[in-house]
Structure formats: structure tokens, C-alpha cells
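A quick write-up on the structure given underneath.
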Amino acid sequence: MKRILLVVYLLSLTIGFAQKEVSIMPWPKSIETTSSKYGIDTSFHINVEGEVNDRIYKASTRFLRRLNDYTGAFIEQGYVNSTSNSTNPSLIITTKQVGELGIDMDESYELIVDANRIKINSNTDIGALRGLETLLQLVRYNEKSFYFTGVHIRDAPRFAWRGLMIDVARHYQPMDVLKRNLDAMAAVKMNVFHWHLTDDQGFRLESKKHPKLHELGSHGQFYTHEQIREIIQYALDRGIRVIPEIDVPGHASAILVAYPELASKEKMYTVEKYAGVFHPTLDPTNEKTYMVLEDLFSEIAMLFPDEYVHIGGDENEGKHWDENIKIQKFKERKGLKSNHDLQTHFNIRMQKILHKYHKKMIGWEEIISPQIEKSAIIHSWRGAHEGLPDGQSLINAVKLGYHTILSNGYYIDRMLPVEEHYLVDPIPVTSTLTREQEALILGGEATMWSELVTPLTIDSRIWPRTAAIAERFWSQKNIIDVEDMQRRLHKVNKCLEALGITHIRNRDVILRNITKSNNIEAISVLTRVCEPLKVYSRNAGGTEYQSYAPFTLFADACTADAADAKIFNKLVEQCITDPGNKRIKTQLQYYLQRWSVLYNNLKDFDNPIINEIKPIAKQLSEISYILNYFLKNNKLTSTQEEILKTTIQETKTPVADVELVVVSAFEKLIIHLKNQKKHTSN
Ligand code: ACM
């Protein structure tokens, strides 16, 4: 008996160990790891069986390419198709039916890897696609070979709606940007691409019925119907739904450039170039508004196969409604007491139009009203930043019986650290909702608003943080270990790059633009301790950056979660709790030494862009030099102490729209070293 217990104990140790070695993201619903390995070599072969369509063949072929590229294995099989099955396959994919994209789609799968064979079994081909992504994340290697880790996984998503919204209005994003982001979404099992197509700064879809909309509202940067179909097909091939958003009745400047007669205020309209909330609003009392919108939504209904269409509905302050006597009279006549009532009147008409074309409505949370039919989805976005309790609208919506999706907490344009997003659950932790109410929460969406992003930088604002959000939407509620998430995110980050995401390489492109040279070593060091200003303070008031401003500056090369700062900040915490640890001290000194020479290393670069950044480098170098001295000698001169104090103070005034994110760690370290000094001198 004792022996059996020992075996069980040792087995569980091995499993625990192996589990840690696995870097799947999003983490699966259930996983058993084994010590088996399936070796990858030139004979690797995929068979597809069961009820299949083209999608699984294409996905399997892409899988082969990616596996081949990663392992350099010169895999013989080039393509997977209806005639390519072999008698000795490595991987057998068996699916029972072709999946239909929608909120009820079955994405579950089972994945078994043992020494002899790999199997993916799923009800639908979409489940198999998810399984293929997991399998690719199981590739490991030693000095001799690449192999798949032995596992038995049973997986299914926790939420049906796992989205990424990309705003292509503030900055147009070319087709290749969208495609590579769809690839990345699929890699982390996201399944909804919410395409924010219109806003004050642009109307970006072709309208055949009202071509003035894209001709006058987009500066020539719009998607043709053909391109839209291409994106929808690309997404469909990856098991991703595409939800278009036409933001009405506010955020309407670009529409009103084409159709000023639909406006609530008579004036000249121009496509907006600044960021912010603007007053141009459609006139909900004008029948022509509904005629144009019906034409537009009928085109959209034809183009987009998904059953949902997003009508926006956010941030309509109704100023132009208040200023318009005709609209005021209309409100009186109809007994509409508030602008919200008037907007509901508009939304009811919108919902009717959508229903006529067999579509259901989604709108940002402002559309909520008991008169809106329950087929609508309420998209919750506001929170503490807007002076409201975080996610309150989500609770309100489900209590009224609406389906909802959550974006509050997933605003990746706010440039917050990954864990802040990761720990937000679509079902609030303090929820007192019933099971039925919780079931109305479909999931969530990360939102990539694009006031400050261009095709050059957008990937670095979306990834890798969105992979962690994707895990929140897919994985079980109890998967909340931030450290483990960071470990796995680090690995997934490399897969994202291999898929074509430019977040890592484009940093260097920007840095070369800053240094006007190939020598970017020193400035790279600085990007790893600086982050762009957060929560919209980079563009306070919305006027520093216009849509055509340069986004090739130091702040654009920096990202959330500055890598070295993360490590250094953690080392400082460790140093405080474990002051005798020499390894930690040495590591701290490594960074301080590196940073203390930084200013000197930047000295030879001389142009207005880089000169703007030099004060940060100077501050960092001065502080690091003194702290390094303090750490080594356990003492400070009074002059050093004075410099430390003033320089740390200086770092708190942002320069070049970035913040130095090691400052609070510096302050903690100084207090700690002073306490230690006191202790030793006592
Ligand atoms: C929004 O952020 N205005 C939905």
C-alpha cells in the first residue's frame, strides 16, 4: 500500500512539474500531462476524418506551415485536403459536423498526445481549429529534436463571446493589419472581430447606395465591399465572427459631412481630426435620417453574415438636440422627457430596421431602456473613469433580462498593465446574480480605440495583453495566477510574432527613426523602463495629437508593461523581503549599472526628437549611479542624497509623453537602504 502511495505521489509530482512546463494560453478546461512525447520529423502527417469542409483543410495546412517554420523539420506533407489522408498519420482530426458561426457555436475539443499518435476529436470543425492552436503551443524541444508534450486535454470556452474591437475610424487600418490581427485572435481562441467602422474621424465602409458617405467621409481610406467580404472570409476561415459597427446617432461627424441635411444643427461639417466627444448628431425627428440609415443597414445586412449588427449609441450628449427647436417640439409632442428618451425613440426605429433585415441589435450601454426589445445585446463599457461604478450597466442589463458583453476593464488603449485587465471577470466577483442572470453574460471584448495608434504601432497596443484577456474569456474562473499568466504570456508573445504581429520588430523601426541611425542599443534600454502615459493623459483634451500627427515618437516605441521595469520592480520587492540575498543584490546592480551609463551612451545622438528624451535618460542615469553606489557602500554623501531627492522629484513631470516606471521602486529601495543603514550603524 505504501509503495502504491509513493508511486502515486511521485506521479503527481511529475504531473505537477510537467504542468508547469506547459505554456498553453488560454489555459484549457482540463489537462493531464504525461511523460510521453510525440517527435516531430519530416514524416509528420495530418489526416482529417468525419464530416468536414474546406475550413478544416485550410486550417490544417496553415498548421503544417507554422509547425514546419517553427521546427525547421522539412515536413513532407505540403497540403491537407480530401485526398491527402495517409495510412500512417501522426495527427488524426475527427470532427462530427461543420460548425456554424454564432453565439451557440460548439468550440469544444479533445486533444490527446501520446508517443504513438495525436488525436483531435471535436463536435465541429471550429472545435478542431481551437485544438490545433493548443497543439501548436505544446511544441517543445531538446538539443536533438522537437516534440509535442504528452497530454490529454478536454477543452471548451467559458464564454461564447470573446472579442476584439478595432477602431478603424480614428486611424484607418489596412487589410494586412486586420488579417494579421485575425490570425493572432485565432491563436488565442478569440471568436469575435468587432469592426468599429465609423466615427467622427471617418466613415470607412463603401456604401453603394449612398457613396457620398465614404467618398466624403473617409479621405479615400475605406473598405470596398470586396475587401469587406475578404475580411469576413478570412475571419470565417479562422472561426471568427465579424460584427460591423455603425456608430449612431452621435459620433456622426463623418456621416454629416456627406449628409448635412440629416444633422440636428445646421452648419458646415468636416471630418474630425481631433480626439474626444463631439456634438454632431443625427436628427432623430427627420424621416430622411431613417431612409438613409435603412439603405445603409440593408447593405450591411447583405454584406455581413452575422446575426448581430452594432449601432454604437454611445456618448451622445444631445447638445445639438437641445439647441434645435423643432427637435424640442417633437419631444414634447411625443411625450419624450429626456434626450435619453429621444435616443430610445431612435433606437427603437433602428431595431425595427435591423429586424426587417433579419439582424439583431447591439449597442453600447447607453441604449439600455425597457422599451428596447430583449433580443438586443447591451455592450457595457463605462466605469470609474466615467464616474460610474465599474460594470454596473452589465448588472443592470442582465437584471432587465438582456444579454450583455463587457468591455469595461478591457480598454487596452488606456495602456494599463496586463494584470489589471486579466483580473477583471465578465461575471463580477461580487456577483449576487442568479445562474440564469449570469448566463445572460455572453463574454467580453477588448477595445482598441485608435486615436493614438497607426498601422505601425497598433499591434504593440493590442498584443500581448489581449492574449491574457482572451484567457479570461476562455478559461475557467479560477485561472487567476498572475505570475503563471506572465510566464505563459511570454511564450505566447513569440508565437504572435511568428504569426506576423509586428509589436516587437516595429519598436526598432521607430527607434531607428528617432536615432536616425542603426544604432538603437542605448535608446532600446530606455524603452524598457518607460511607458506611454496612461488613461488618456497622453492626449489630454484630445488636441495634442490630430489624426495625421506623427506616431513615430519615443512614446510610440514604448508599451505598457515595460519589460525591464517589471523585472526591476520585482527585484526591489524581493530585496526588501529578503535583504541578505546576494543574488538579488547583484541583479539590482546589473540594472543600475546599465542605466547609469545610459545618458552617456545617448550623448552622441543629436536631433530634436532624441533631444526631447535626453532629460529622462539623464535622470535615470543619475539616480541609478547614486543608488548603485548606495547599494555597494551602504552610505551616501549629503550631496548624493540631495541629487537623489531632486532628481526623483523631476522624474514625476512627464517628458515626451512617457513615464519612467521604475521611480516608485527607486523610492522603495532608498527607504529600504536607509533603514538598513540605520540598522547596521545602530
Ligand atoms: C466608448 O468608449 N465610447 C464606447
Side-chain angles (χ1 to χ4, degrees), residues 161 163-171 192-204 243-255 272 274-282 308-319 339-340 343 346-347 350 361-369 372 376-394 396-397 402 404-416 420-421 424 426 442-453 458 461-462 466 469 534-542 547:
W161 196 293
L164 169 64
M165 187 213 76
I166 298 183
D167 165 13
V168 296
R170 273 56 178 264
H171 277 102
V192 177
F193 167 43
H194 168 177
W195 204 350
H196 184 81
L197 282 159
T198 73
D199 215 300
D200 294 293
Q201 296 82 353
F203 188 96
R204 307 238 181 256
I243 312 283
E245 178 185 348
I246 306 295
D247 202 348
V248 286
H251 288 274
S253 304
I255 299 177
E272 189 52 64
Y274 292 115
V277 179
F278 303 95
H279 303 309
T281 312
L282 298 175
Y308 286 96
V309 171
H310 205 304
I311 64 148
D314 56 321
E315 296 181 310
N316 168 28
E317 294 178 341
K319 186 164 180 288
N339 283 341
H340 185 254
Q343 188 163 342
F346 171 85
N347 290 339
M350 294 309 300
M361 182 166 90
I362 312 180
W364 298 106
E365 63 184 57
E366 289 95 322
I367 71 157
I368 199 164
S369 162
I372 297 295
I377 292 178
I378 308 297
H379 192 166
S380 172
W381 70 276
R382 289 182 295 189
H385 190 247
E386 291 75 28
L388 295 164
D390 282 329
Q392 183 61 45
S393 59
L394 177 116
N396 295 347
Y402 291 101
T404 66
I405 49 176
L406 183 69
S407 278
N408 178 257
Y410 309 124
Y411 267 49
I412 46 181
D413 63 324
R414 299 173 81 190
M415 305 309 291
L416 296 170
E420 292 212 17
H421 302 299
V424 175
L442 296 174
E445 286 185 5
T447 47
M448 182 70 265
W449 299 106
S450 68
E451 285 88 344
L452 298 180
V453 303
I458 189 166
R461 274 54 189 146
I462 300 178
T466 296
I469 297 173
K534 299 176 176 46
V535 197
Y536 310 137
S537 55
R538 178 172 178 196
N539 195 24
S547 36

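Atoms within each ligand, like the ligands themselves, are counted from 1 in listed order.
Shown in contact with Trp449 at under 4.0 Å from a heavy atom are these atoms of ligand 1, numbered in order with element: 1 (C), 2 (O), 4 (C). Atoms of ligand 1 lying under 4.0 Å from at least one heavy atom of Trp364, given by number and element, are 4 (C). Atoms of ligand 1 lying under 4.0 Å from at least one heavy atom of Glu315, given by number and element, are 3 (N).
Across Gly391 and Ser380, no two heavy atoms sit closer than the pair CA-OG, 4.0 Å.
Side-chain contact, Glu366 with Trp381: a donor N or O sits under 3.5 Å from an acceptor N or O.
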Salt bridge (Lys or Arg N to Asp or Glu O under 4.0 Å) for Arg461 and Asp413? Distances and angles first, verdict last. CA-CA 7 Å; Arg461 274 54 189 146; Asp413 63 324; over 6 Å; no
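With contacts defined as side-chain heavy-atom distances shorter than 4.5 Å, the pair Leu394/Asn408 does not qualify.
Counting only heavy atoms of the protein, atom 1 (C) of ligand 1 lies nearest to Tyr411 OH, 3.3 Å. Distance from atom 3 (N) of ligand 1 to its nearest protein heavy atom, with residue and atom name: Asp314 OD2, 2.6 Å.
When the side chain to side chain contact (heavy atoms under 4.5 Å, CB included) test is applied to Thr447, the partners found at least two apart in sequence or on another chain are Met165, Trp364, Ser407, Tyr411, Trp449.
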